[in-house]
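Quick one: the structure is below, questions incoming.
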Amino acid sequence: MIEILLLLLVILMMGLNRKTATRVGALEQELEAIKADLLARQPVSAAAPGALPVAAAAAVTEDVIEEPVPQAEAVPAEALPEETIAASTAAEDVATAEEAPAPAMTAAPPAAKPKTKENLESYLGARWPVWVGGVALAFGGIFLVRASIEAGLLGPGARLVLACLFGLVLMAGGEIVRRRAMPQVSDRFSNAMIPGALTAAGAVTLLGAIYAAYGVYEFIGATPAFILLALVSFATIALSLLHGQALAGLGLLASLLTPGLVASDEPNANALFLFLGLTWVAVNAASRFRQWTIVPMLANIGVGLWVVAYAIGADEFDTLPPALTLIVMIAGTGFFWPGAVYGRDRVVKAGWGGMLGRQPLTITLSVAFMSVLPSLAMLATNPVGGIDPYFAAAAVIAALAALGASRVYTVWPAMIAAGGAVLSLAIVAISLLDTYVPQPVGNEPLPVITYTTEIAVSLLLGAVFTLLGFAFLRRFRKAEPEFAMVWSVLMSGVPVALATISFLNFGNLGRDWIHGLYGVGLGLVLLAGAEWLFRDRDETDGRIDWAANLVVAGSFAGFTLALHALTNGIVTTILVSVLGFAYVLGMRARPWPALPWMMAAAILIVFGRIAWEPTLIGQNSLGTTPFFNALLPGYGIPTLLAIVTAYLLKDSSDFRIRNLMQALASLAALMTVAVLVRHAMNGGVLDDRVPTLGEQSIYTLLTVGFSGILMTLDLKSPSPVFRWGSMIAGVLATINALSLHVFALNPYFSGENTGSWPFLNLLLLGYLLPGLAYALVAYYARGRRPMPYVIMLALSGAVLGFLWATLSVRRFWQGENIADWKGFMAAETYTYSVVWLLIGVLLLAIGSKLDAKSLRLASAALVLVAVVKVFLVDMSNLEGILRALSFIGLGAVLIGIGLFYQRILVNKSGEPAATDSQEPAS
């Protein structure tokens with residue numbers, strides 16, 4: 001009975017509120033009459049119509065203030081009522097306007113009301129009771145039905161009727177209270193209005209009563225229950241126009257739950273998604289009128305989740321109804337709300353931050369994700385009839401892309417649609433990999449499997465992105481340059497990506513005319529589009545037109561796709577470089593900044609193809625002829641075109657592409673020579689086997705020579721690529737020498753045969769020639785490169801020369817095989833000391849002649865090694881005359897070196913040398 005008393009109390013409060021409203025209305029009428037009387041007493045001057053309010057205020061002052069009044073304390077503005085603040089502000093504005101000369105009669109905009117700051121009391125007293133009270137009333141309706149059931153007072157039908165009446169009374173009470181509410185309350189507490197809480201409670205009570213009549217007591221069937229629940233839900237959404245966004249959310253929730261609450265033996269997908277579509281349209285219409293953004297987001301999520309649930313749980317999936325519902329959702333977003341009306345008179349930040357952060361993110365992101373995710377879910381179904389799921393998914397994604405191209409605030413839907421297009425085709429391709437292919441029986445021919453639908457849909461979807469890109473660039477390219485760059489990438493990147501996936505999974509890898517002609521057409525269309533964009537640009541604008549240049553890059557991608565579809569192997573590799581060079585030659589006709597960059601992209605593609613298949617035509621077809629084989633044109637032609645391009649761009653104002661092409665051309669040249677050497681040294685086989693010392697020596701010579709060539713080019717045409725490239729090549733060569741020549745490939749450790757010839761053997765190629773190359777480059781780099789780099793090259797050459805002499809001594813005594821397991825002979829040990837001392841003396845002489853401190857230091861180090869070796873090794877291992885000769889030779893050399901250094905130091909100090917005899921003093 002408590003609930004009935006609460007209901008009576010609410011009705012009583014509404015009656016009291018009505019009486020209070022009547023009295024307030026009478027007071028307002030009396031106040032208006034007084035104002036009119038005061039204005040009628042004041043004479044109106046025709047010459048100064050604007051002074052009427054001031055004159056009226058003066059009359060009021062003269063009539064009311066007849067005696068002096070003590071000065072009152074200043075009252076803060078926050079403590080005054082809103083009406084007082086507004087009135088005083090208006091009076092001050094009028095007085096200011098009267099004092100200042102008025103140049104023209106213009107209507108001043110009304111002053112905005114100051115926003116009152118919320119406090120804890122406002123939340124606890126004006127908002128929280130309304131929210132909790134609405135929930136309490138909803139529970140009251142439910143508990144009323146429950147209490148009547150437990151007490152057995154009324155039958156089921158009577159209880160449901162009373163519950164419906166209670167819900168209707170609550171909704172009617174909400175409407176009555178709304179009509180008599182004060183405007184200030186509606187403006188200040190728009191999301192905590194008492195009418196909205198009463199209406200929401202009534203809607204919940206009606207929905208609960210209808211569902212109980214269907215699900216608990218079975219008074220009505222599924223169809224009447226569905227219709228009644230839908231009517232209450234739509235009515236709630238309609239009333240939300242009067243009571244706010246929260247009530248719209250309640251109506252939306254009820255509408256989304258209605259199909260799940262009402263079960264049917266024969267579910268109808270058409271009816272389900274027709275109802276969901278109407279619900280979405282109703283919510284979107286209400287949101288447009290009231291400028292809401294939260295409820296539309298929830299509606300998008302609800303519709304998307306229903307499609308996913310239907311795709312997962314339906315036994316017989318029908319593709320058309322959910323696809324049409326998603327398309328309606330996308331179209332409504334683009335044409336109705338937010339549509340074209342959103343964004344008017346809104347100031348947004350320029351640049352990438354403003355583009356990516358534009359509102360309404362809640363709506364655009366929700367419609368994008370809730371279009372792509374259900375589309376991907378449809379691909380996992382296996383419909384018994386109707387349209388193909390991939391076609392339906394592609395249609396939804398195309399509609400989302402159209403939304404992204406039609407509005408300036410839909411950058412996220414555009415990018416998400418592009419990702420969804422590529423991901424959907426990848427899912428289709430992966431799913432078809434598991435398709436069972438029946439094997440032929442006997443002499444039956446192999447079954448022919450065609451993928452006409454997949455190819456057609458993917459290529460058509462890519463073409464849609466291209467057309468939408470042109471449409472966006474035509475409308476918004478100048479106003480939205482950042483978004484135009486995004487579409488310039490999407491309009492070429494998405495078609496190329498889809499066509500590539502389709503070609504690799506469904507096409508003929510030998511020669512596919514469909515994908516090849518598609519690539520040619522795409523390239524020509526984008527090239528024509530680039531011509532239009534460059535002609536349409538503002539010539540006075542000195543900035544780079546990124547959109548047009550990206551379209552040029554897209555045309556190159558289309559032609560590259562066509563080459564891969566129509567050709568294969570070495571022909572594709574060569575033609576890709578020719579295509580890039582054709583874009584370079586196009587600079588003579590069109591000064592487009594992107595043209596030379598296409599050659600750089602072509603060389604990078606060539607490098608990628610070489611990394612995938614170094615032989616270019618297959619190992620079995622390569623042949624064994626050194627140098628003159630398929631590797632020469634396959635590597636040489638792209639390298640030659642890269643070198644020519646670098647030469648043509650040597651005077652280019654764009655230093656980035658100039659330096660990049662110089663680097664790519666240099667790298668391509670080095671790689672071409674290295675591969676030809678590898679092929680020749682390994683009998684025509686290119687594999688991952690460990691190179692021999694001879695082969696590695698050629699690589700070292702190439703790298704050192706490459707460093708010298710780049711240094712020469714840098715001296716003739718200064719470039720950071722040549723400068724740093726020469727030093728990087730020298731460092732890499734030094735690393736190879738110290739790691740491979742000294743240790744890994746050293747014949748002393750590896751046991752490799754050095755050859756039968758005394759001088760022209762493996763040691764010459766592996767140590768002496770690289771050492772001389774290091775010495776020459778170090779000499780050439782003196783004064784042209786940093787001194788540490790020069791010292792590194794010189795020491796590397798000295799180390800290789802020392803190893804050549806040492807290993808040659810071992811070969812003289814041990815024969816062709818100089819492996820460590822053979823041990824050492826006494827004469828061999830003595831010979832090492834002699835040779836090392838001779839080399840030390842030779843380095844000292846050359847260093848003194850060239851004034852090279854590095855060589856003199858190397859000489860000192862080598863002599864020190866010889867001294868240590870004589871005292872530690874020769875003393876213990878040698879006997880007889882060899883031991884004596886070892887020490888005698890060491891002593892003689894050391895004395896000679898000391899005498900030599902004494903003369904050098906005296907000459908450098910500038911003191912005259914002492915004569916053999918001195919004359920006596922007279």
Side-chain angles (χ1 to χ4, degrees), residues 503-504 507-512 516 560 562-582 599 602-645 664-706 709 732-733 736 740 745 750 752-757 760-762 764-766 769-770:
F503 167 65
L504 295 177
N508 184 1
L509 299 181
R511 179 174 287 108
D512 194 313
T560 303
L563 289 178
H564 283 81
L566 298 176
T567 62
N568 53 64
I570 190 174
V571 178
T572 305
T573 303
I574 295 175
L575 290 181
V576 167
S577 63
V578 173
L579 174 64
F581 190 71
M599 185 60 190
I603 297 300
L604 292 176
I605 294 174
V606 169
F607 285 170
R609 291 185 58 85
I610 290 174
W612 178 263
E613 177 52 73
T615 62
L616 300 179
I617 60 174
Q619 184 63 56
N620 297 330
S621 304
L622 183 56
T624 58
T625 304
F627 299 107
F628 297 100
N629 50 65
L631 297 177
L632 184 61
Y635 284 74
I637 293 178
T639 300
L640 179 62
L641 295 178
I643 294 174
V644 173
T645 301
L664 293 176
S666 303
L667 184 60
L670 179 63
M671 183 174 60
T672 299
V673 178
V675 169
L676 291 175
V677 170
R678 174 77 172 176
H679 176 269
M681 296 292 292
N682 288 273
V685 178
L686 291 180
D687 52 20
D688 57 352
R689 69 180 63 178
V690 179
T692 62
L693 177 61
E695 180 181 349
Q696 182 59 44
S697 301
I698 295 177
Y699 298 152
T700 303
L701 288 171
L702 289 174
T703 310
V704 176
F706 183 68
I709 293 173
L732 293 177
N736 285 334
L740 300 177
L745 301 179
S750 65
E752 183 179 358
N753 193 291
T754 60
S756 59
W757 290 41
L760 302 176
N761 51 47
L762 181 62
L764 174 69
L765 180 61
L769 293 181

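As the structure is a computational prediction, the values presented were derived from the model and not from experiment. For the single chain, residues carry numbers from 1 onward in sequence order.
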Would you list the atom pairs, donor with acceptor, under 3.5 Å between side chains in residues 622-630 and any protein atom, with sequence neighbours excluded?
residue: N629; atom: OD1; partner: L631; partner atom: N; Å: 2.9
residue: N629; atom: ND2; partner: T625; partner atom: O; Å: 2.6
residue: N629; atom: ND2; partner: H679; partner atom: ND1; Å: 3.2

Q. At their closest point, which heavy atom of I603 faces which heavy atom of A642, and how far apart are they?
A. CD1-CB, 3.8 Å
Q) What's the shortest heavy-atom distance between A733 and T703, and which atoms? A) CB-CG2, 3.7 Å
Q) Among V576, I570, T572, which one satisfies side-chain contact (heavy atoms from CB on, under 4.5 Å) with I574? A) I570
Q: Give, for atom CD1 of I605 and atom OG1 of T560, the distance between the pair rounded to the nearest 0.5 Å.
A: 4.5 Å
Q) Between E695 (side chain) and A680 (backbone), is there a donor-acceptor pair under 3.5 Å? A) no
Q.
So, using side-chain hydrogen bond (donor to acceptor under 3.5 Å, both in side chains) as the criterion, who are the partners of Q696 when residues are at least two apart?
A. none
Q) Between OG1 of T639 and CG of L632, what distance do you get to the nearest 0.5 Å? A) 10.0 Å
Q.
Do L509 and N568 make a side-chain contact, defined as non-hydrogen atoms from C-beta onward lying under 4.5 Å apart?
A. no
Q. Do L693 and L765 touch side chain to side chain, with heavy atoms closer than 4.5 Å?
A. no
Q: Drop me the distance from L702's CG to S697's OG, to the nearest 0.5 angstrom.
A: 11.0 Å
Q.
Once ring pair (Phe, Tyr, Trp, His ring centres under 6.0 Å) is applied, do any residues pair with F706, and if so which ones, sequence neighbours excluded?
A. none
Q) Between R678 and L686, what is the shortest heavy-atom contact and its length? A) CG-CD2, 3.4 Å
Q) Hey, is the main chain of G755 close enough, under 3.5 Å, to the side chain of N753 for a donor-acceptor pair? A) yes
(Q) Are the side chains of I610 and L616 in contact, using a 4.5 Å heavy-atom criterion? (A) yes
(Q) I'd like to check Y635 versus L676 (side-chain heavy atoms, cut-off strictly below 4.5 Å). Are they in contact? (A) no
Q: Starting from the C-alpha separation in whole Å, work towards a yes-or-no answer on side chain to side chain contact (heavy atoms under 4.5 Å, CB included) for L664 and L604.
A: CA-CA 8 Å; L664 293 176; L604 292 176; 4.0 Å; yes
Q: Considering non-hydrogen atoms only, spot the tightest contact between T700 and P770 and give its length.
A: CG2-CB, 4.4 Å
Q | N620, CG: over 12 other non-hydrogen atoms inside 6.0 angstrom | A | no
Q: Side-chain contact test, heavy atoms from C-beta onward, threshold under 4.5 Å: evaluate it for Y699 versus N736 and give yes or no.
A: no
Q. What closest approach, in Å, do M671 and F607 show between heavy atoms, and which atom pair accounts for it?
A. CE-CE2, 3.3 Å
(Q) For a 4.5 angstrom cut-off between non-hydrogen side-chain atoms, does L579 reach L575? (A) no
Q | Euclidean distance, L640 CG relative to S577 OG, rounded to 0.5 Å | A | 9.5 Å
(Q) To check you understand the geometry: which heavy-atom pair defines the closest contact between P633 and P638, and what is its length? (A) O-CD, 3.7 Å
